[in-house]
Amino acid sequence: KEVEVVEHLIKGITVVSIGLMLSATVSIGQSVLIGVVPWIVFLAVILLTKVVKLNGFLSFGLASIFGIILFYVPNLHLF
């Protein structure tokens, strides 16, 4: 019976920690994804990892380079 209590406690702590991570992710996303270039880079990472099936680190690297190039294109980062 004591083992069940510990198992339920661990499950509860797991749910709370997942909720906190999701909350932090949403908070960071709201403060970072405020322009056109960050959204394009974000979508590029999603496409490269989920559609093209590239490695996560490679996807982040390629999208970062793409974002740097887009940032320096005149007038694009003003939107």
Side-chain angles (χ1 to χ4, degrees):
K1 189 146 184 146
E2 291 178 9
V3 174
E4 287 182 24
V5 172
V6 173
E7 287 177 359
H8 290 297
L9 178 67
I10 291 172
K11 285 181 184 180
I13 291 172
T14 302
V15 169
V16 169
S17 64
I18 290 172
L20 287 172
M21 286 188 281
L22 181 61
S23 173
T25 303
V26 169
S27 177
I28 292 169
Q30 287 176 339
S31 64
V32 172
L33 297 173
I34 57 172
V36 173
V37 173
W39 273 103
I40 292 172
V41 172
F42 172 71
L43 293 174
V45 170
I46 299 295
L47 288 174
L48 289 172
T49 55
K50 299 299 178 187
V51 176
V52 182
K53 305 284 188 193
L54 285 180
N55 181 347
F57 290 115
L58 181 60
S59 298
F60 283 122
L62 291 174
S64 297
I65 292 168
F66 183 55
I68 291 169
I69 292 169
L70 287 178
F71 182 77
Y72 288 106
V73 170
N75 299 325
L76 184 62
H77 65 278
L78 297 176
F79 290 105

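The figures here come from the full heavy-atom set of this structure, side chains too, leaving out hydrogens, waters and symmetry mates.
Take F60 and apply the ring pair (Phe, Tyr, Trp, His ring centres under 6.0 Å) test, not counting sequence neighbours, and it matches no residue.
Across all non-hydrogen atoms, the minimal contact from L48 to A63 is CD1-N, 4.4 Å. Pairing each heavy atom of S59 with each of T49, the nearest pair is OG-CG2, 3.2 Å.
The hydrophobic clustering, which links ILVMFWY residues whose side-chain heavy atoms are closer than 4.5 Å, places L43 and V37 apart.
Checked against I18 for a side-chain contact (heavy atoms from CB on, under 4.5 Å), the options L20, T14, V15 give a single hit: T14.
Looking only at distances, no side-chain donor or acceptor of S27 sits under 3.5 Å from a matching main-chain atom of S23. Proximity of a side-chain donor or acceptor of T25 to a complementary backbone N or O of M21 within less than 3.5 Å is detected.
I40 contributes atom CD1, which lies 11.5 Å from atom CG of L47 (distance to the nearest 0.5 angstrom). Atoms CG and NZ, on L9 and K11 in that order, are 12.0 Å from each other to the nearest 0.5 Å. The structure places CG of L70 at 12.0 Å from CD1 of I65, a figure rounded to the nearest 0.5 Å. For the atom pair CG of L58 and CG of L62, the computed distance is 4.5 Å after rounding to the nearest 0.5 Å.
V32 has its side chain out of reach of F42: every pair of non-hydrogen atoms, C-beta onward, lies at least 4.5 Å apart.
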